[in-house]
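Model, not experiment: these values are computed from the prediction.
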Amino acid sequence: MRLQPMPLADAAWTVPTAPAATAPAPASAASRVRPIPGRFRRRPCPRQAAWLGWLAAVLACGLVFRTWPGLDLAASAPFYLPQIPTGFIGNLYHGVLDLWRLVPQLGRALAIAGLVLLLVPARRIPCGMARRWRGRVLAVAALLMLGVCLVVNQGLKEQVGRPRPQQVKPFGGPHDYVPVGSLSQACARNCSFVSGHAATGFVIAGFGLWGVRRTRRRWWAAGALLCLALGAARVAQGGHFASDVVFSLLVMTGAAMALRAAVVRLRGLRRRIGRQRWASVCAPIRLPSGGGLPRRPIIRLS
């Protein structure tokens, strides 16, 4: 009997083959993903964000007090009593009067201490803690000079000419009420806008001016609380409006931010100049590659 071989073309014995790889079709211009405009823009750095927030706060407060000018009169009205000679009840308390006299003297003492410490170089102070507190007192003194003396006293209080609450007609004075953002000739010198006592209270924020962000925020909060507390005492005395205190806080915050930014820029410039000088000094004595030694040994090693 002769066996017949099974045909290899049978479907049961066929080996499956992988399909041939096909090249992907080129994507059309309509199917390409385009970036959304403005989605991947560069975000502002924390310093720019802080300045933008400060500017937004100034504009918002100015808009509020300009839209509702009666807020100042409403905040000062509870402290006004026409039956008493001083007009405002804050002048009847000896603690408020002592605080009114003491705050400018403390500001002058801090400024003098800063000038004295400025004459002592930091390298002459052996203790690290004392050296750090020297920098903090210098920051407070610089904030006093820049913010309180220059911007507040010589800039705003002498140029705006806003009369104090005890000088306006709603509280028995001879002048009309002047809202925020308006210039006036009713007051010649040492006027109402902005509060100098509140600005002096804010300078304690200078103790944390050279610290990290968390330290700066804590000292700013302490300075803001003291600023508002001293401002409330001055409102009770009839010496300032509520808007004077609010803008005193904003002005001093801007002065502190400008002072820190200027010092940081100066430090960076000094370090850059120092590196350039060091590179120029070391350039003539720079050793060649290999430290001046031959690349191969003179004596052949066996």
Side-chain angles (χ1 to χ4, degrees), residues 54-91 96-97 99-101 103-104 107 143-203 224 227-258:
W54 176 81
L55 183 60
V58 171
L59 294 177
C61 292
L63 182 62
V64 168
F65 284 105
R66 289 289 296 185
T67 307
W68 297 283
L71 291 176
D72 281 332
L73 301 177
S76 299
F79 303 102
Y80 175 66
L81 291 178
Q83 298 82 5
I84 59 177
T86 56
F88 286 84
I89 61 176
N91 297 318
V96 177
L97 294 175
L99 194 64
W100 170 58
R101 301 187 186 97
V103 169
L143 194 55
L144 272 168
M145 296 295 180
L146 175 64
V148 180
C149 297
L150 185 61
V151 178
V152 173
N153 291 337
Q154 299 299 325
L156 297 175
K157 295 177 73 68
E158 300 294 334
Q159 303 299 328
V160 176
R162 189 186 193 188
R164 298 179 181 272
Q166 57 191 2
Q167 298 173 343
V168 298
K169 292 180 180 180
F171 302 122
H175 303 292
D176 295 328
Y177 168 74
V178 178
V180 174
S182 300
L183 299 179
S184 174
Q185 302 295 332
C187 179
R189 58 180 302 273
N190 195 18
C191 303
S192 179
F193 189 84
V194 291
S195 175
H197 284 72
T200 306
F202 179 80
V203 298
C227 174
L228 296 178
L230 294 176
R234 292 295 290 147
V235 171
Q237 287 183 284
H240 288 286
F241 292 102
S243 58
D244 298 333
V245 180
V246 172
F247 277 93
S248 177
L249 174 61
L250 293 175
V251 168
M252 292 301 296
T253 301
M257 293 168 59

Regarding Arg162 and Asp244, does a basic nitrogen lie under 4.0 Å from an acidic carboxylate oxygen?
yes

If I take atom CZ from residue Arg234 and atom CZ from residue Phe79, how far apart are they, to the nearest 0.5 angstrom?
13.0 Å

Minimal heavy-atom distance between Gly107 and Leu144, with the atoms involved, is O-CD1, 3.2 Å

What heavy-atom pair brings Pro78 and Ile89 nearest, and what distance separates the two atoms?
O-CD1, 4.5 Å

Testing the basics here: between Cys227 and Ala198, what is the closest heavy-atom pair and its distance to 0.1 Å?
SG-O, 3.2 Å

Quick one: sort the His197 and Trp100 rings into parallel, tilted or perpendicular, breaks at 30° and 60°.
parallel

Let me confirm one number: the CG-OG distance from Leu71 to Ser76, rounded to the nearest 0.5 Å.
11.0 Å

Are Met145 and Leu150 packed together at the side-chain level, in the sense that at least one heavy-atom pair is separated by less than 4.5 angstrom?
no

Correct closest heavy-atom pair for Ser192 and Pro165 would be OG-CD, 4.3 Å

For the residue pair Ser182 / Arg66, report whether a side-chain donor-acceptor contact shorter than 3.5 Å exists.
yes

Within the side chain of Ser195, is there an N or O that forms a donor-acceptor pair under 3.5 Å with the backbone of Ser248?
no

Between Val152 and Ala199, which heavy-atom pair has the shortest distance, and what is it?
CG2-CB, 4.1 Å

Keeping the roles fixed (side chain from Lys157, backbone from Phe193), state whether a donor-acceptor pair exists under 3.5 Å.
no

Quick one: OH on Tyr80 to OG1 on Thr86, what's the gap to the nearest 0.5 Å?
10.0 Å

Centre-to-centre under 6.0 Å for Phe65 and Phe241, is that the case here?
no

Evaluate the side-chain proximity of Thr200 to Leu230: yes if any heavy-atom separation is below 4.5 Å, no if none is.
no

Is Glu158 reaching over with its side chain to a backbone N or O of Asn190, donor-acceptor style, under 3.5 angstrom?
yes

Check whether any side-chain heavy atom of Val194 lies under 4.5 Å from a side-chain heavy atom of Met252, and answer yes or no.
no

Taking every non-hydrogen atom, the tightest pair across Asp72 and Ala242:
OD1-N, 3.6 Å

Close side-chain approach of Arg164 to His240, heavy-atom, < 4.5 Å
yes

Tell me, do Val96 and Asn91 make a side-chain contact under 4.5 Å, heavy atoms counted?
no

Are side-chain heavy atoms of Val148 and Phe202 found at a separation under 4.5 Å?
no

